[in-house]
Every structure is written in C-alpha cells, then in structure tokens.
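The chains referred to below are lettered A, B, ... by the order of the sequence lines, with proteins before strands, and numbering in each begins at 1.
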2 protein chains.
Amino acid sequence: MEESYAPATGRTLQTNDSVTLEDVARLAGVTAMTVSRTLKRPELVREETRLRVMDAVRATGYVPNLLAGALATNKSHLIALLLPTIATSIFTDMVQTMMSTLAAAGYQTLLGLTDYLKEREEQLVETLLGRRPDAIVLTGTDHSPLTRERLRRTKVPIVEIWDLTDDPIDMLIGFSHEAVGIAVARHLLQKDYRRFAVLSADDPRGLRRSTSFIDELKRQGIESVPMEVLPAPATLQTGREGFVRLLEKDLPDVIVCSTDTLAQGILAEAAKRGIGIPQDVAVMGFGDLSTAAHVHPSLSTVRIDGASIGRLAAEALVSRLNAKEPPLPALRVDTGFRIVDRESA
Amino acid sequence: MEESYAPATGRTLQTNDSVTLEDVARLAGVTAMTVSRTLKRPELVREETRLRVMDAVRATGYVPNLLAGALATNKSHLIALLLPTIATSIFTDMVQTMMSTLAAAGYQTLLGLTDYLKEREEQLVETLLGRRPDAIVLTGTDHSPLTRERLRRTKVPIVEIWDLTDDPIDMLIGFSHEAVGIAVARHLLQKDYRRFAVLSADDPRGLRRSTSFIDELKRQGIESVPMEVLPAPATLQTGREGFVRLLEKDLPDVIVCSTDTLAQGILAEAAKRGIGIPQDVAVMGFGDLSTAAHVHPSLSTVRIDGASIGRLAAEALVSRLNAKEPPLPALRVDTGFRIVDRESA
DNA sequence: CTGTTAGCGCGTTCAG
DNA sequence: CTGAACGCGCTAACAG
C-alpha cells in the first residue's frame, strides 16, 4: 500500500512545489478529509486533532488550492469586473470600493479592460466565463448581441453599472447620462450663460451626456453649440488640445466637458495663455465625488458617487450569492448625481 | 450503459448551466478527448471530425472550464499583480500596459490592492497563491519576512517592480527612489533655488524620494527644509491642504512634491489664493510619462516610464514561462527617470 | 487520427 | 468525531 502511494509518481512529480491536503494529513496522522474540515469547519473537529493538524499545516506551509476547491464545489469565489479603462480617474473610486467590499466577503476580483471596445468586451466575457466567476459586473448597458445572449443564458448573477436602461440583463445600478446633460443645460441657463461649447471624449456615455446637453439647449432655443470630440480615454493633454481647437472658434461663456480630466487640461492650457477661468470663460467638469476636479476652486462639476455604485454592486452580489433559493426581484438603482458650483465667484 | 450515464445525477444536476466536454462530445459522436484536441491542437484532428466537433461546440455554447484545465495541467494562466492602489494615476499606465501585454500572451490578471499596508500584502499573497498563479508581480521591494519566505520557497516566477534593491526575491524592474531625490536636489540647486519645502504622501517610496532629496540638500549645505507628510494615497484635496500648511511657514522658492497629484492640488489652491506659480513659488512634481502633470505648463516634473515597466515585466514573465528548463539568469533592470522643466518661464 | 485510462486537489456524502 | 469512496471537468500518456 505504502509502495503504491510513494512511487505513484509515474508522472512529473515536480508538479510544482504544491503541498497538498494529503501531505498535511500524512504528517498529522489523519486523512485529507480531516485536514479539510479543520480548515473550513473547525467546530466539527476535536480540539486535539485540530491542533495537530494546524501544526502540520504550518510545518508544511500548506496553501489550499483554490482551483481544486472551486472545481469541487462549483463556487470560484471570483467576480469578473469588466471596465473600459483605469487610465482615467473616473472609475477608480468605484473599483477600489467594490474590490474591498468583495474582498471582505471572501471574493477576489478578476479585472478585464475593454478600452471602450464592444468587440473586446465580447472576447473578454468569453474568457472570463471560462474561469467560472460567481458573478459578473459590466460597465455600461450597451453590449454586443452575442454578449447579451451568452450572459442571459448564464445563471451567473450579472450587474450592469454606471448607466440605466429599460432592458437590463439582470441587476442594474447607475445613473442617467441623459439626465446629466439636461440638468447641466438647465443649470447653466439659469446662471445666465448663453454661449456654450462642448469638449467630449468619444466614449459612449460621455457622448450621450454631451449630446443630451446640446439637445436640451436646442429645446431652450440655443441653436449653435460647437463641440470637439477627442479619442478616449481623456487625458490632460487631449484636454489642452481640445481647448486650443475650441479657441479657434469664438470664445464661449462656458465650456462643458464630458469629464474632469479634460476640464483640468483646459485649466492648464488657459493658465499658459493667460486666459482667466472663470472670468474669461467658465468650465464645467464631470467626475467622481472623491477624486474629482471639483477640488479645483474655479471649476464647476457634476459629481457622481462611484463609491456607492461599487459598494451597492458588491453588496447586492454577495447577498444574492448567499441567498439560497429565491432569485430575489431584480435590483434596479438610480444613484443620481449632483451639480456643484465652483468655489470662487 | 446509457442508463448509468443519463440518470447519473445522484447529486445536484443543476450544477450550473455548464456544458462540459462530454456534452459536446456526445453531440458530435466522439470522445471528450477529441473535443479537447479540436480546441487546443486542431492540427491533430482530421478536418471532417474537427468540423463536426466545432458545430457541436457552437450548438451547445460550450465554454471551456479553465479551472479544470488549470488543475489538470498545473498552469493557471493567471498572473497575480499586487498594487498599493489604483486611486492615484501613478500606476495606471503600468497596469494597462502590463495587462494588455499579458492578455495578448493568453494570461489574465488577478489584481490585489494592498493600500500600502504590508500586512495586507501578506494576506493577499496567501490568498492569491491559492489560485496557483503562474507568476506574481509585486510593487516595491519591501515585504514582510513571512511574505518573502513564502515567495522565496515558491517556484513561481516573481517580479518586483517600481524600485531597486540588492536583494530581490527573483526578477527586478524599477528605478532608484534615492537617485530621484538626489537628482531633483542637484537640478534645483543648479537652477539657483535656495529655499525649499517638501510635500509628501506617506507611502514608503514617496518618503524615500523626499528624504533622499532633503539629505542631498543637507550635503550641499542647505540645513532647514520644511516637510509636510500627508496620508496616502495622495489626492488633489490633500495637496491643497498640504500647501496651506506649508504657507503657514515661510514661503519657499520651490516646493517639491512626492507625486503629481499633490502638485496639482497646490496649483489649485494657489489659483484660488492668487499665488503665482512659478512666479511666487515654483512647484516640482513626480509622475508617469503619459499621464503626468507635466502637461501643466507651470510644473516641472520627474517623469518615469510606467508603460515600460509594465511591458518589460510582462515580457520577462511570458518568456520565462515559455522557456523550458534553464531558469535564465535573473533579470535586473533600472528603468531610470528624467527631469523635465516646465514649459513657461 | 482517435480512444482509454488515470489523476490533478479538493469537498460532498454517507458509513462507522 | 473521523474515514472511504466518488466525482468536479479537463488533459497527459499511452494504446490502437
């Protein structure tokens, strides 16, 4: 018997350095099963054996193989998060909060970056599904048909965040980008601005905010609104360039930016050219509550609360994963936004 | 026989929605093995069968279970990346580049956020090791003894990035934070600045840059350098606050910041108070080549090339993972940095 | 070119 | 309270 175990290395042996439950068990003089229980459900094991096992665990430096565990239980404790990019500060707060909330509940995050490309998202969904995540978080609500189909068929809980829609795949937590555009338009009109310009990154949601803003202005009788669109992700540099291009046209009263980073770029270029913000031209940004450029005194912004989105999404998932049978009524949350005026008048 | 297969659902059956190799094989009239080969090594399969199998794959919507594959092959195609935070722009370029380079080579990234806490890193290393990553990337070279020990014992390739040390765990790609501090000091002295102040986040490497800067000044005869240290991660808001505190002392010629975000905060607060940058006080930042505040015309900065670090790390890992036997001589790279003066004089 | 056998490391299940 | 048997889904190794 011993013989058939020890030299049972007809294969590689050097599988790695991995210590297995078996190894620990042998050292502790028990079965693998007892070691497993000691680690997962210690209350089911007599104290004496438990201590012996724990010693053996330490002595061997055993690290449980989560792959094997996941395969056996059909629970990976992995959450897939699909994000356009981390090259912009807009998502960072949400990601941090979501990851730490999930981590606290015992879940790890598998990150996929789509670069705002639907085809990339499609491919990532396939790969990530292969890891059998316990849930999937998608940024935005606009996905390729194949992606939607794959995701709909899956029983894996899905959360779409950062946007709203009438036809979510499953759960939904976000805010309306159309509403942002409209609110900004009304806010600025009320402040007596009349000559507008728009600087937008060409990501889908930024564009929707921008066009919604322009549409609302039209409805209010403002016909001509110059708009510059620059490639995503937005950077300080593209903000500066966009500002330069806008300057080639008439100088407006106020420039509305699809995101804070662009607004900061404008501030930088304006400083260089001696253009006063907000005296010569006012600037409006858009960004996260905690990391946003609203801390620049001369900038007005739309603030969204990314941390809330992250926390809500994580909590919704965790409770759904813990819940046994009833697949709770689908969650839909509008997290809203707030317009904040600049500090200096 | 058929009977012992079909109703062989003594267990849950609803394991999930997962279609298995078996399911595809049955539909295609072959064995699981043939399906596996069709997917991984199509050249070993006759075209006719291959087509039949591919049809079955499509028909069933089969998505390979990477957990099972990883368990069987002892290759997870997962790379663990330990990062202090993504709440600061400093790492974003590196992360994006590393992730996309790895993705192109068929590896996914498992992200762990340490919040600059060594104990958190220690815990994360344990959890992440459980996923049996094919490699581990650590930010920085300063780890808890237990972490070092665990990592040293592992045969998993390790890369420490973003710093240099004489005693790396394995591979090493970064730059010297001491050298940055010294270079900045000499640069500013040469520009005839004499009255300095430092604004630093209290992350380990930021502090090292700051103290190295101050030490070099001391060596050059400058004794008193006020320094404000604020909690990491740096934000625009803390930059503003730090500036305010520095203003309570004498106004220096130049303020050296441990990171661009703090420098930008200074610019914001200075704008509010009508303090001219760089006329009244100059500001020096530190950050990534592509996302850095160097695009602000009145800011001088130290630029590092995060993208290179990310790409080098990814490429080193991939080639090491592809290499068969010889564990190549350990890689050590100093990626250096560059001091860039402001645009406006 | 395709099938068979065996096992990756773990957890569920049921005996004892 | 502990153990034995079995299977999660896949692939390496060897037949044929």
Exercise for the section: Send over the distance from L51(A) CG to dC1(D) P, rounded to a whole Å. Expected result: 14 Å

Practice task
Would you kindly check whether a donor in the side chain of R37(B) faces an acceptor in the base of dG3(C), or vice versa, at under 3.5 angstrom?
Solution key: yes

Problem - Nearest-Å distance for atom pair NZ/P, residues K40(A) and dT2(D) - result: 18 Å

Practice task
Return the nearest nucleotide to the side chain of N65(B); candidates are dG9(D), dT2(C), dC10(C).
Solution key: dG9(D)

Problem - Straight-line distance of T141(A) OG1 to I169(A) CD1, nearest 0.5 Å - result: 9.0 Å

Handout entry: Interatomic distance where CE belongs to M33(B) and P belongs to dA13(D) [whole Å]
Key = 11 Å

Practice task
Please report, rounded to the nearest Å, how far the P atom of dG9(C) is from the CG atom of L67(B).
Solution key: 15 Å

Exercise for the section: Among dC8(C), dT2(C), dG3(D), find the nucleotide with the atom closest to the side chain of R46(B). Expected result: dT2(C)

Practice task
Using atom CG of N74(A) as one end and atom C1' of dG11(C) as the other, report the distance to the nearest whole Å.
Solution key: 12 Å

Exercise for the section: Report the distance from atom CZ of R26(A) to atom P of dC10(C), rounded to the nearest whole Å. Expected result: 12 Å

Exercise for the section: Please report, rounded to the nearest Å, how far the P atom of dC10(D) is from the CG atom of L71(A). Expected result: 9 Å

Handout entry: Side-chain donor/acceptor of R148(A) to backbone N/O of H143(A), under 3.5 Å
Key = no

Practice task
Would you classify L21(A) as touching base, sugar-phosphate or nothing, given that sugar-phosphate means primed atoms plus P, OP1 and OP2, and contacts are heavy atoms under 4.0 Å?
Solution key: sugar-phosphate

Problem - Proximal nucleotide (of dT4(C), dT2(C), dC1(D)) relative to the T49(A) side chain - result: dC1(D)

Handout entry: E122(A) atom CD: more than 12 heavy-atom contacts under 6.0 Å
Key = yes

Exercise for the section: Could you check how far NZ of K75(B) sits from C1' of dA12(D), rounded to whole Å? Expected result: 11 Å

Problem - Phosphate OP1/OP2 of dG11(C): any S36(A) side-chain N/O under 4.0 Å - result: yes

Handout entry: T73(A) side chain near dC10(C) phosphate (N/O to OP1/OP2, under 4.0 Å)
Key = no

Practice task
Looking only at side-chain atoms of T20(B), point me to the closest of dC10(D), dT2(C), dG3(D).
Solution key: dC10(D)

Handout entry: Nearest listed nucleotide, side chain of S18(B), among dT2(D), dG9(C), dG9(D)
Key = dG9(D)

Fill in the blank from the handout: Contacts of Y62(A) and A32(B) projected onto DNA chain C by closest heavy atom; the upstream (5') one is A32(B)

Handout entry: Candidates dC10(C), dC1(C), dT4(C) - which lies nearest the side chain of T31(B)
Key = dT4(C)

Problem - Option among L39(A), T38(A), L44(A) that satisfies the side chain to side chain contact (heavy atoms under 4.5 Å, CB included) test with R41(A) - result: L44(A)

Exercise for the section: Report yes or no: do Q96(A) and T85(B) form a side-chain donor-acceptor pair below 3.5 Å? Expected result: yes

